[in-house]
Amino acid sequence: MIDQASLLTDLNAAQQQAVSAPLNNLLILAGAGSGKTRVLVHRLAWLMEQEHVSPQQILSVTFTNKAAKEMQSRVEQLLHIDTRGLWIGTFHSLAHRLLRLHYEEAKLPQSFQILDSNDQQRLVKRVMKSIGLDDKQWSPREAQQFINRHKDKMKRPQNISCEASDFHTQTNIKIYQHYQQQCDADGLVDFSELLLRVYELFRDHPTVRQHYQQRFHHILIDEFQDTNRLQYAWLKQLKTPDNYMMAVGDDDQSIYGWRGAEIANIQQFQQELGDVHLIRLEQNYRSTQNILEAANAVIAQNTDRLGKSLWTDSSRGEPIALFTAFNEQDEAQFVVKQIQGLLMQGYRRDECAILYRSNAQSRVLEEQLLYHDIPYRIYGGLRFFERAEIKSAMAYLRLVHHPADNEAFERIINFPTRGLGDKTVEHIRATARELNTSLWAASQHCIAHKSLPTRALTALQSFVALMTHLQEQQTELDLPELTKLVIEHSRLIPHYEKEPRDQGQARIENLGELINASKQFYVSDEAEGMSPLAAFISHAALESGELQADQHQDSVQLMTLHSAKGLEFPIVFMVGMEEQLFPAKQSAYDPKRLEEERRLCYVGITRAQHKLYLTHAEYRRLYGENAPHTASRFLREIPKELVEEIRLRNEIRRPLSYQKPIKPHANTPRLNTGHTSWHVGQMVTHAKFGEGMVLNYEGNGPQARIQVRFGNGDSKWLVASALTV
DNA sequence: GTGGCCTCTCTTTTT
DNA sequence: GAGAGGCCAC
């Protein structure tokens with residue numbers, strides 16, 4: 001038991017007010033760095049300890065698995081209690097849980113499977129093909145977005161007004177219709193569908209809804225500004241006059257409008273719930289005065305705000321550094337030089353973050369970091385469970401678990417290739433359509449009726465035999481053993497051994513890692529009534545896999561501005577502060593989207609604790625074209641007195657690759673990339689000396705001299721035509 | 001079934 | 001400029 005005082009110590013007045021607020025609906029507008037998560041965690045603890053709310057009566061919703069985990073562990077740390085019974089999770093994981101419990105009312109088969117966006121795309125494509133749409137003329141990607149956008153607005157195909165819509169929309173409606181039919185027939189549920197089904201479940205089954213309304217006395221929602229219409233509607237269904245909602249959010253940090261988030265939900269929350277106690281957390285504990293003032297000045301340019309002004313009593317701190325680079329190479333060099341200096345001053349590498357607007361910007365930075373032997377870590381990119389090899393292995397597991405899983409069947413029927421080409425598969429599909437069964441059942445039918453050429457038939461027979469064997473093992477083996485067996489029998493490893501060394505090797509390692517993941521999962525299995533295998537499969541779909549946690553080595557952090565949200569770093573570099581790039585050119589002309597870009601800028605600035613560097617380049621190679629860039633308007637929005645422009649002295653900085661492009665000679669031993677110029681940090685290969693890195697260059701054309709440092713540490717001047725990129 | 005060549009697109013991303 | 005995806009030829 002924890003006493004009241006200790007739940008409130010180290011909290012400021014507004015935070016205390018939020019944590020200890022009387023039972024009421026609460027809207028907490030929590031500015032960047034104002035201790036939002038802390039308030040949420042302490043409020044949870046307060047409810048349990050002071051208001052004697054049992055964990056079972058609390059529902060706490062977040063957006064990411066990471067946030068859910070963090071909240072859970074912080075509550076446990078604070079209270080030293082078991083938080084089982086507490087419903088805490090992402091919208092999707094909670095929806096999944098509800099659907100598993102109420103699959104019948106939700107009109108789903110018990111064995112329903114989750115479709116991740118990748119699977120969804122594949123299915124959309126197949127559906128489009130099956131209704132005879134030319135996928136040159138119709139984009140599957142657009143159709144997928146159409147479907148999700150409408151699901152997120154609780155729209156079924158029949159609810160999208162047909163009369164007014166053009167041919168284009170009508171086609172999309174048709175795709176949506178057929179796609180949904182296919183999902184329903186196969187028991188497949190995509191991400192939006194998880195939420196929509198729960199919404200419809202609550203809507204159509206008052207008893208179920210009432211059960212949860214009565215159960216959850218308290219509903220807490222984090223990152224409220226990121227909720228879309230469906231998510232908000234879903235929460236509201238659980239709301240009664242007798243329970244309480246607490247929403248925490250920051251309209252200034254809403255950066256996901258492009259995927260359906262509606263800031264308007266915040267205003268609606270106040271209006272619709274009527275009795276809402278509003279608390280603003282405006283004291284920032286993260287940044288220096290300079291950084292905060294810059295952030296405030298930028299965000300003040302937005303008109304569409306609820307209004308909030310962050311303040312801090314920390315010191316003024318260092319000025320914000322502004323650097324104008326010649327080009328992106330120069331910019332990267334500057335950043336790395338500064339980092340080297342900071343490391344000398346005693347900062348750790350992982351205290352430095354480089355933030356950029358788009359992933360494509362990371363490459364130049366990587367090259368420079370590599371060149372200077374500074375370890376770095378890039379966030380983003382493919383997650384573990386999204387990797388092709390993992391998805392394939394998972395498809396084998398899915399088919400073991402549930403033979404009627406057509407999605408899984410399609411994925412592995414001929415992967416690795418086993419002589420079951422398009423024609424055979426099309427025959428199986430046709431049979432399945434005819435008999436109205438799964439592809440798996442259709443395969444068995446084809447075998448029984450020998451309705452395929454001998455060659456294909458034999459191949460299909462051995463595939464069916466393999467899967468049957470694995471299915472039989474299911475009951476004998478535990479999850480890790482089964483995973484191991486499935487990977488062995490899938491022949492994925494020999495398949496990847498044939499791939500170019502490094503890539504195939506990495507894939508094989510990942511498959512080993514999958515066995516590990518299944519072991520870990522098996523131990524901490526939290527499924528309710530599901531078999532470990534079924535739970536593992538859902539887990540893989542719902543949690544694309546945290547970045548490998550073991551990479552705890554001290555390294556410079558590189559990520560997009562979006563993925564930096566919620567994080568903080570003593571040192572932050574925001575690079576590429578240029579028009580066309582940031583704000584992105586696609587957003588620059590639409591006032592609404594421009595405001596979102598500005599909020600993104602605000603998010604970036606407020607990540608910094610001690611020192612913020614802003615850099616931009618006068619020229620940048622973008623989409624293969626080297627073009628002059630003007631400074632971002634956001635730079636002008638920062639008051640001059642907060643900024644110190646950095647000019648490098650004692651150094652003649654000369655433009656690198658773009659002003660002195662050295663075209664490799666046509667006879668240069670094969671270029672495998674289309675590089676037309678050399679740049680410092682570039683990796684090159686010499687027939688005799690092996691791989692090395694460009695240090696410098698002189699001259700032009702095939703006779704240009706390139707200075708290269710090789711693996712053994714030697715550096716040599718060589719003629720350009722002797723080098724391969 | 002695979003490799004080579006062509007065209008297309010190119011913000012952000014969680015679940 | 002580069003990756004992805006489609007298409008065609010072997």
Side-chain angles (χ1 to χ4, degrees), chain A residues 61-68 89-96 114-121 125 134-136 139-141 145 148 151-152 189-195 223 226-228 230-231 254-261 328 355-361 363-364 379-383 385-386 388 414-424 495 498-499 538-546 559-566 576 580-588 593 596-597 599-601 603-604 620-626 657 671-677 679 725:
Chain A
V61 197
T62 60
F63 273 84
T64 64
N65 292 301
K66 197 171 142 206
T90 63
F91 274 104
H92 293 84
S93 70
L94 294 166
H96 175 238
I114 302 167
L115 218 53
D116 69 19
S117 21
N118 199 304
D119 298 333
Q120 186 186 33
Q121 172 105 84
K125 261 190 206 162
D134 177 9
D135 59 358
K136 253 187 246 139
S139 130
R141 213 183 95 198
Q145 283 170 359
N148 292 336
K151 285 190 177 184
D152 287 346
V189 178
D190 61 51
F191 285 137
S192 301
E193 186 73 19
L194 279 170
L195 303 179
E223 304 281 13
D226 289 339
T227 50
N228 65 29
L230 172 56
Q231 287 160 336
S254 164
I255 54 176
Y256 288 110
W258 52 276
R259 59 176 200 217
E328 75 279 359
L355 311 182
Y356 35 80
R357 174 71 241 258
S358 85
N359 284 309
Q361 290 168 258
R363 219 189 87 187
V364 193
Y379 288 74
L382 270 192
R383 306 298 190 80
F385 285 107
E386 285 167 2
N414 201 31
F415 188 80
T417 47
R418 50 170 66 86
L420 293 168
D422 230 20
K423 234 175 152 181
T424 314
H495 174 262
K498 282 184 240 147
E499 266 190 18
S538 302
H539 169 83
L542 282 174
E543 292 198 32
S544 36
E546 286 299 304
M559 68 192 83
T560 63
L561 288 156
H562 279 90
S563 32
K565 193 170 112 176
Q580 304 292 98
L581 203 58
F582 190 35
K585 64 168 180 289
Q586 297 91 334
S587 306
R593 294 171 67 173
E596 182 153 311
E597 295 281 317
R599 291 193 292 270
L600 191 56
C601 184
V603 167
R620 181 176 298 270
R621 186 172 281 280
L622 202 63
Y623 303 139
E625 225 176 341
N626 195 27
S657 51
L671 296 165
N672 30 9
T673 64
H675 274 274
T676 54
S677 61
H679 61 257
V725 177

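Reminder, nothing fancy here: chain letters follow the sequence lines and each chain counts from 1.
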Q: Start with the C-alpha distance between Arg383(A) and Asp116(A), add both sets of side-chain angles, then the distance that settles salt bridge (Lys or Arg N to Asp or Glu O under 4.0 Å), and finish with yes or no.
A: CA-CA 12 Å; Arg383(A) 306 298 190 80; Asp116(A) 69 19; over 6 Å; no

**Q.** Along DNA chain B (nearest heavy atom to each residue), the more 5'-positioned of Phe91(A) and Leu600(A)
**A.** Leu600(A)

**Q.** Any Arg383(A) side-chain nitrogen or oxygen under 4.0 Å from OP1 or OP2 of dT14(B)
**A.** yes

Q. Just how far, in rounded Å, is P of dT14(B) from CZ of Phe191(A)?
A. 11 Å

**Q.** Distance, rounded to the nearest Å, where Tyr379(A) contributes OH and dT12(B) contributes P
**A.** 18 Å

Q.
From C-beta outward on Thr64(A), which listed nucleotide comes closest to its side chain: dA2(C), dT11(B), dT15(B)?
A. dT15(B)

Q) Between dT15(B) atom P and Lys565(A) atom NZ, what is the distance in whole Å? A) 12 Å

Q | Rounded interatomic separation in angstrom, taking CD from Glu328(A) and P from dA2(C) | A | 12 Å

Q) Toward the 5' end of DNA chain B, which comes first, Ser563(A) or Arg418(A), by nearest nucleotide? A) Arg418(A)

**Q.** Any side-chain heavy-atom pair of Glu223(A) and Tyr256(A) under 4.5 Å
**A.** no

Q: In whole angstrom, give the distance that lies between atom CG of Leu581(A) and atom C1' of dC10(B).
A: 12 Å

(Q) In whole Å, I'd like the distance from the CG atom of Leu230(A) to the P atom of dT15(B). (A) 17 Å

Q) What about Ser117(A): does its side chain form a donor-acceptor pair under 3.5 Å with the base of dT13(B)? A) no

Q. Which nucleotide sits closest to the side chain of Arg593(A): dT11(B), dT13(B), dT15(B)?
A. dT11(B)

Q: Starting from C1' on dT12(B), measure out to CD on Gln361(A) and report it in whole angstrom.
A: 11 Å

(Q) Any heavy-atom pair between the side chains of Tyr356(A) and Thr560(A) that's under 4.5 Å? (A) yes

Q.
Taking only side-chain N and O atoms of Asn359(A), does any of them lie within less than 4.0 angstrom of OP1 or OP2 on dT13(B)?
A. yes

Q) Between Arg599(A) and Glu596(A), is there a salt bridge with N-O shorter than 4.0 Å? A) yes

(Q) Using the side-chain heavy atoms of Thr417(A), tell me which of these nucleotides is nearest: dG1(B), dT15(B), dT13(B). (A) dG1(B)

Q) Which nucleotide in the set dT13(B), dT11(B), dA2(C) lies at the smallest distance from any side-chain heavy atom of Ser587(A)? A) dT11(B)

(Q) Taking syn as a glycosidic torsion within 90° of 0 and anything else as anti, which one is dT9(B)? (A) anti

(Q) For a 4.5 angstrom cut-off between non-hydrogen side-chain atoms, does Val364(A) reach Arg621(A)? (A) no

**Q.** Any Tyr623(A) side-chain nitrogen or oxygen under 4.0 Å from OP1 or OP2 of dT11(B)
**A.** yes

Q: Using both distances under 3.5 Å as the test, list the Watson-Crick or G-U wobble partner of dT9(B), or none.
A: dA2(C)

Q.
With the criterion set at under 5.5 Å between ring centres and under 30 degrees between planes, would dT14(B) be stacked on Phe63(A)?
A. no

Q: Please report, rounded to the nearest Å, how far the P atom of dG1(C) is from the CD atom of Glu625(A).
A: 10 Å

**Q.** Nearest to side-chain heavy atoms of Arg621(A), which nucleotide of dG1(C), dT11(B), dT15(B)
**A.** dG1(C)

Q: Determine the Euclidean distance between corresponding P atoms of dT12(B) and dG5(C); express it in Å to zero decimal places.
A: 16 Å

Q. Between His539(A) and Phe385(A), how do the two ring planes meet: parallel, tilted or perpendicular, split at 30° and 60°?
A. perpendicular

